[in-house]
Amino acid sequence: MVRTTDVDWLVLGYSLLREQGHTALTIDTLCQIAGRTKGSFYHHHGSMQGFKQALLDKWRADHTDRLINETNAYAQPAKRRQVLDSLALQLDARLECAIRNWAAHDPLALEAMQQVDTQRIDYAARLHQEEHQCTADEALRIALAGYAMYVGFLQLTGEREQRILREWGPRARIVFVDDNQTL
């Protein structure tokens, strides 16, 4: 018998969340799909609340912290912005939408989503301020507008729309919007 690891449970949680939504995140469903016992689940996570927190922590690490860390490898603000835009367009839109939907129904997911949104917007604002030497308030407004547009694009989950977004997105500067640039 192959052992199920903590990461396996979280990958399964991602898959369920993406394919069936937050209501599928039950111990019974997870154990049935994994072919494991509830004891195995509890061994790794202690409770469903613990599992959900670990899943949200993994989402933040995979979909925010990783992007920021990879982006910070570049010295020039314009290059960091370009890399961030590219990485953001590669995120799993269905998972991002599933997290937002979950947040509408669960205070734990809402808190995690709000923290991630704030982290992403603040990082984008810092990059914009460095690149364009504008005030912090101006950079925040521009970052917020760009992020709102990005989140809106994520809601378009059709295959055609996602393909177009990935093709057009790098030219549109999804994460950052310049005052002097028309999208």
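The line from CG of Asp106 to OG1 of Thr23 is 12.0 Å long, rounded to the nearest 0.5 Å. Atom CD of Gln119 is separated from atom CG of Asp65 by 5.0 Å, given to the nearest 0.5 angstrom. A distance of 6.5 Å separates CD1 of Ile68 from OH of Tyr123, quoted to the nearest 0.5 Å. Residue Ile99 holds its CD1 atom at 12.5 Å from CZ of Arg60, rounded to the nearest 0.5 Å. Separation of atoms CZ (Arg36) and CG (Leu30) is listed at 13.0 Å; rounding is to 0.5 Å. The CH2 atom of Trp59 sits 7.0 Å away from the CE atom of Met113 when rounded to the nearest 0.5 Å.
Checking side-chain atoms of Tyr147 against main-chain N and O of Ala124 turns up no donor-acceptor pair under 3.5 Å. Thr118 places a side-chain N or O within 3.5 Å of a backbone atom of Gln114 that can act as its donor or acceptor partner. Formation of a donor-acceptor pair under 3.5 Å by the Arg18 side chain with backbone atoms of Leu95 is not found in this model.
The shortest heavy-atom contact between Arg120 and His63 is NH2-O, 3.1 Å. Taking each heavy atom of Leu154 and Cys97 in turn, the nearest pair found is O-SG, 2.9 Å. Minimum interatomic distance between Trp9 and Ser40 (heavy atoms only, all atoms of both residues): CZ2-OG, 3.5 Å. For Ala143 against Ile121, the heavy-atom pair with the smallest separation is CB-O, 3.7 Å.
In this structure Arg66 satisfies the side-chain hydrogen bond (donor to acceptor under 3.5 Å, both in side chains) test together with Glu70, sequence neighbours excluded. With sequence neighbours left out, Gln76 forms a side-chain hydrogen bond (donor to acceptor under 3.5 Å, both in side chains) with no residue at all.
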query = So Leu140 and Asp122, side-chain contact (heavy atoms from CB on, under 4.5 Å) or not? Walk me through it.
reply = CA-CA 7 Å; Leu140 180 59; Asp122 288 350; 4.2 Å; yes
key: CA sep, side-chain torsions, deciding dist, call: Arg100, Asp117, side-chain contact (heavy atoms from CB on, under 4.5 Å)   = CA-CA 11 Å; Arg100 289 191 178 284; Asp117 285 347; 2.6 Å; yes
key: Intermediate values then yes/no, side-chain contact (heavy atoms from CB on, under 4.5 Å), Ile27 and Tyr42   = CA-CA 9 Å; Ile27 295 172; Tyr42 286 117; 3.1 Å; yes
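Pairs of residues two or more places apart, or lying in two chains, that qualify as salt bridge (charged side-chain N to carboxylate O under 4.0 Å, His left out) and include a residue from residues 23-33 are Asp28-Lys38.
Side chain to side chain, Gln53 and Gln49 fail the donor-acceptor criterion of an N or O pair below 3.5 Å. One side chain, Tyr14 or Asp62, offers a donor N or O that lies under 3.5 Å from an acceptor on the other. For the residue pair Thr71/Arg80, the side-chain donor-acceptor check at 3.5 Å is not satisfied.
Phe51 has its side chain within reach of Leu25: a pair of non-hydrogen atoms, C-beta onward, lies under 4.5 Å apart. In this structure, the side chains of Trp102 and Lys52 come closer than 4.5 Å at one or more pairs of heavy atoms.
Among Glu131, Gln82, His128, His132, the single residue meeting the side-chain contact (heavy atoms from CB on, under 4.5 Å) criterion with Pro77 is Glu131.
Salt bridge present: Arg81 and Asp85 bring a charged side-chain N and a carboxylate O closer than 4.0 Å.
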